[in-house]
Amino acid sequence: MSTQTHQFDAVIVGAGGAGLMAALYASKGGANVAVVSKLYPTRSHTGAAQGGIGAALGNKIGDDENADSPLFHAFDTVKGGDWLADQNAARVLAYEAVDAVIELEHMGLPFDRTPEGRISQRRFGGHTINFGEKLAYRACHAADRTGHMILQTLYQQCIKHNVRFFDEFHVVDQIMNHGKSAGVVAIELGTGEFHVFHAKAVLYASGGWGRCWQVTSNAHSMTGDGAAAVFRRGIPMQDMEFFQFHPTGIYKMGILITEGVRGEGGVLINGRGERFMEQYAPRVKDLASRDVVSRAIYTEVSEGRGIKGRNYVYLDIRPETVNRYFAEAGESKRIDAHYIEKKLPDILDFCRTYLGVDPAVEPIPIQPTAHYAMGGIPTNVEAEVVSDANWTVVPGLYAAGETACVSVHGANRLGTNSLVDLVVFGRRGGMNIAKYVQGADFVPLPANPEGEIKAEFERLRASKGKVKPYELRNEMQQVMNDKVGVFRTDTLMREAVDDIGALRDKYLTDLSIDDRGHKFNTDLLEAWELGNLLDLAQITALSAANRTESRGAHSREDHPKRDDANWMVHTLVFREGEGLYPATPSYTIDTEKKVDLSLVAEDQRFAAKERTY
Amino acid sequence: MQVTFRIRRYNPEIPGKDKPYWQEFTLDNVDETDRVLELLHRIKWEQDGTLTLRRSCAHGVCGSDAMRINGVNRLACKVLVGTVKTAKVQVEPILGLPVEKDLLVDMEPFFAHYRSVMPFFVNDEPLPADGRERLQTQEDRERFDDTTKCILCASCTTSCPSFWANGQYVGPAAIVQAHRFIFDSRDRAASDRLKILADENGVWRCRTIFNCTPACPREIEVTRALGEVKLAIRKGSPEGIIKVTEITEKVVNS
């Protein structure tokens with residue numbers, strides 16, 4: 001089958017919030033841009049984000065003056081990340097968030113409003129006023145579908161500005177030439193044809209890889225395709241050991257229940273009817289950062305205090321419960337069923353549809369769910385991909401959003417900051433690409449740029465082994481849940497590296513798929529995605545085993561303390577050797593990349609200290 | 001429990017399967033709370049990898065997996081199999097768009113209609129001098145809340161007999177998207193959109209059949225939104241058109 005070749009100044013891989021923002025800004029800056037996405041843009045996972053986007057607007061909420069500042073947001077981000085976030089990046093995030101959110105409003109985003117007509121803001125985990133003094137109202141929201149509204153608004157703007165889309169084109173390989181980016185190879189789902197996109201600049205905004213785990217809030221499509229593609233072409237992955245487990249997924253299903261439920265006053269309750277977060281985070285209780293709350297739930301369950309002794313707890317947003325705790329805290333606010341209906345309509349819908357539970361009258365059974373990759377493709381604050389501990393820029397290669405690791409989230413991302421990350425660093429990526437392509441030439445395509453990946457696809461298409469992709473995927477997800485989950489030990493993580501390696505062997509030697517066709521061959525694409533997940537799962541386990549401390553989302557029973565003397569560094573994992581799918585890949589880990597501490601230099605309050613909430 | 005699926009199949013690449021046909025699959029160990037999407041996955045993964053459909057989020061927010069389940073448009077990820085009270089679960093592609101393969105249809109005509117209604121915010125007036133957000137009252141924000149929920153799944157449009165009869169009709173989803181801007185107090189292009197929708201393939205193709213409203217997985221009152229657009233066209237502007245429920249409340253309260 002023939003291959004088509006296209007030429008654009010810039011190719012954006014992925015059409016979620018980061019990709020669309022980058023596409024808009026690169027286009028506005030004069031670049032000829034193509035957005036290449038395996039999904040129709042409005043299907044992207046940004047649309048599943050619920051609770052809000054953090055920005056220190058300081059809009060008055062009720063009686064609260066909410067005297068907020070980007071400096072406080074930067075601090076909360078650094079502390080939330082357990083001091084692994086690069087502080088220059090945290091500063092950019094917090095300060096540019098304000099302008100970015102205002103810009104979204106100017107693009108028409110229908111935020112909820114305060115009685116004064118300003119953007120409404122709600123509380124969220126870990127977001128505080130004045131370095132932890134009290135909870136901030138910082139999460140700007142549109143009911144509980146903020147991500148949906150961001151995705152829709154950005155897609156609408158792209159239509160308005162005639163951005164070129166290649167919908168349902170799945171990027172499967174990154175083309176490098178002597179250390180520079182030359183473009184990407186994509187497969188057109190509708191025909192199975194390969195397309196080479198020759199581009200001066202490529203930006204990956206291809207999302208995370210939550211589907212490595214069994215219980216996840218992530219869409220089926222969150223398979224880390226972009227990250228895996230660049231990793232195979234010699235780009236390291238940074239901080240893979242830090243994967244966030246969101247505390248409140250619907251029991252067994254993993255469907256996300258926004259932290260906004262707790263922001264509106266909801267509380268977590270154990271099998272004895274106790275509000276257990278009071279024990280773990282005396283000041284902010286249920287609104288501690290996500291890693292802290294997820295560990296608390298695991299601890300409650302493992303000590304026999306789950307609901308009916310099982311592995312879940314309750315999230316209670318019933319007005320009588322919420323109002324009782326408001327009164328206890330001396331707060332004047334009260335809520336009723338109508339208020340919940342207006343502020344959390346989708347949450348109510350999910351609970352009614354999937355659990356048959358009405359949260360206005362019954363508590364919601366929840367358990368932690370694999371949610372967000374803090375790690376990913378290393379970039380600097382300009383969204384340029386860097387290839388080593390010395391911040392060496394890869395010419396023409398960019399990344400933004402969940403697939404990137406700026407690192408702004410450090411060891412644990414705060415709620416709302418994923419959406420901030422998308423718009424702030426997506427925008428920066430787009431602006432920088434517009435500038436870059438004006439001065440840069442096309443890097444020549446190597447001979448037969450699609451040959452290697454095409455051969456891999458033909459191998460998969462013709463595979464006649466004994467194992468189906470779903471069997472390997474199920475096993476991988478089980479391994480990751482059991483051995484690289486909320487609590488970790490050296491033995492289990494080393495086992496996981498080997499287990500995943502064994503699955504990877506079967507993937508290479510004994511796989512079988514049913515569909516040999518070319519048109520919309522989702523059987524083949526799922527098999528391909530499984531290969532991506534296996535590679536990312538293995539380096540996640542490897543990076544995790546290597547970090548002998550507990551920090552943020554990486555919590556080890558055998559190294560329970562944070563170790564600032566040795567571990568204020570990022571993990572970079574590289575794959576050595578040639579070929580897309582070496583049978584026994586060899587990995588190297590580099591821990592020379594130090595955390596940026598530029599805020600500490602200006603303000604001692606940013607110095608690492610014990611993390612309590 | 002055991003469940004049998006009856007699925008509409010079509011694969012243009014395989015001789016013998018290149019005309020639509022029905023195929024049955026039986027699954028064991030099914031829970032009443034399993035989503036239809038999960039069970040379609042089990043069929044695809046365990047029995048026949050060629051079964052083709054779109055899906056992504058699996059909890060009703062991305063809009064990928066609209067299909068006809070027992071003759072009614074639903075998102076497969078929002079239907080628990082226990083709520084389907086028939087001996088067999090029948091699954092077909094949505095109607096009115098060309099079928100590409102099995103349950104997967106060509107969405108391009110649908111998105112072309114969407115793009116035709118200026119589905120984007122227009123306001124070229126100077127931004128607030130303080131560099132902050134435009135102000136909007138809570139009431140003005142509430143006015144178009146319902147239609148902001150649309151996820152472009154096409155359930156409404158492909159349940160509409162007027163659309164089945166004439167694919168040139170922009171269809172309810174596009175009108176819902178236009179409504180979201182027409183009734184937004186900040187937007188300034190309502191008259192342009194009303195002009196587009198007053199076209200022969202615009203909102204007057206709607207015969208108020210109401211199929212669209214129950215088809216919407218987001219519980220948008222689609223038919224009402226279309227009615228409001230019709231009223232706005234007749235009046236020449238969206239000004240002063242209030243929701244029917246508000247009228248009812250006024251009558252009840254007076």
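In the text below, chain A, chain B and the rest are named by the order of the sequence lines, each starting its count at 1. It should be emphasised that the depicted structure is a prediction, and the values quoted were computed from it without experimental measurement.
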Measure the [atom1]-[atom2] distance between [X] and [Y] for me, rounded to the nearest 0.5 Å.
X	Y	atom1	atom2	answer
B/Ile151	A/Leu151	CD1	CG	11.5 Å
A/Ile159	B/Ser116	CD1	OG	10.5 Å
A/Asp515	B/Asp48	CG	CG	8.5 Å

Out of [options], return the one with the most heavy atom pairs under 4.5 angstrom to chain B.
options	answer
A/His148, A/Met253, A/Met222, A/Lys342	A/His148
A/Glu116, A/Lys468, A/Arg145, A/Glu471	A/Arg145
A/Gln152, A/Gln157, A/Lys252, A/Arg516	A/Gln152

Pick whichever of [options] has the most heavy-atom pairs under 4.5 Å with chain A.
options	answer
B/Thr148, B/Thr52, B/Leu80, B/Leu127	B/Thr148
B/Arg180, B/Glu108, B/Glu139, B/Gln136	B/Gln136
B/Met107, B/Lys149, B/Glu38	B/Lys149
B/Ala58, B/Ser64, B/Gly60, B/Pro12	B/Ser64

Pairwise side-chain contact, [X] with [Y], heavy-atom cut-off 4.5 Å (strictly under):
X	Y	answer
B/Arg132	A/His106	no
A/Asn59	B/Glu133	yes
A/Tyr470	B/His41	no
B/Glu100	A/Phe520	yes
A/Asp523	B/Lys44	yes
B/Phe120	A/Met107	no

side-chain contact (heavy atoms from CB on, under 4.5 Å), that's the test. Do A/Phe111 and B/Arg141 meet it? Break it down for me. CA-CA 8 Å; A/Phe111 284 110; B/Arg141 168 64 181 79; 5.9 Å; no
Should [X] and [Y] count as an ion pair when the cut-off is N to O under 4.0 Å?
X	Y	result
A/Asp346	B/Arg218	yes
B/Arg186	A/Glu105	yes
A/Glu526	B/Arg55	yes
A/Arg43	B/Asp65	no

Do you know which two heavy atoms are closest between [X] and [Y], and how far apart they sit?
X	Y	result
B/Leu152	A/Thr42	CD1-CG2, 3.8 Å
A/Gly108	B/Phe121	CA-CG, 3.4 Å
A/Ala219	B/Cys57	CB-CA, 3.6 Å

Does any heavy atom of chain A fall under 4.5 Å from the side chain of [X], the backbone, both, or neither of them?
X	result
B/Gln47	backbone
B/Leu104	side chain
B/Lys101	side chain
B/Asp145	both

Counterpart residues, side-chain hydrogen bond (donor to acceptor under 3.5 Å, both in side chains), relative to B/Gln23 (two or more places apart):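 B/Arg9.
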Partner set under side-chain hydrogen bond (donor to acceptor under 3.5 Å, both in side chains) for B/Arg54, not counting sequence neighbours: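 If we apply the side-chain hydrogen bond (donor to acceptor under 3.5 Å, both in side chains) test to B/Arg54, skipping adjacent residues, the hits are A/Glu168.
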Pick one of side chain, backbone, both or neither for [X], based on which atoms fall under 4.5 Å of a heavy atom in chain B.
X	answer
A/Arg118	both
A/Ile255	side chain
A/Pro115	both
A/Thr114	backbone
A/Leu57	both

What do the steps show when you test B/Asp140 against A/Arg113 for salt bridge (Lys or Arg N to Asp or Glu O under 4.0 Å), and what is the final call? CA-CA 10 Å; B/Asp140 283 346; A/Arg113 299 288 168 158; over 6 Å; no
Relative to each other, are the rings of A/Tyr40 and B/Phe111 parallel, tilted or perpendicular (30° and 60° limits)? parallel
Classify the angle between the aromatic ring planes of A/His45 and B/His59 as parallel (below 30°), tilted (30 to 60°) or perpendicular (above 60°). perpendicular
B/Arg35 charged N/C atom sitting above A/Tyr354 aromatic ring, 6.0 Å / 45°: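 Relative to the ring axis of A/Tyr354, which defines the angle, B/Arg35 lies inside both limits.
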Determine whether a donor-acceptor pair (N or O, by modelled atom type, separation under 3.5 Å) exists between the side chain of A/Lys519 and the backbone of B/Glu13.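 Side chain of A/Lys519 to backbone of B/Glu13: no pair is present.
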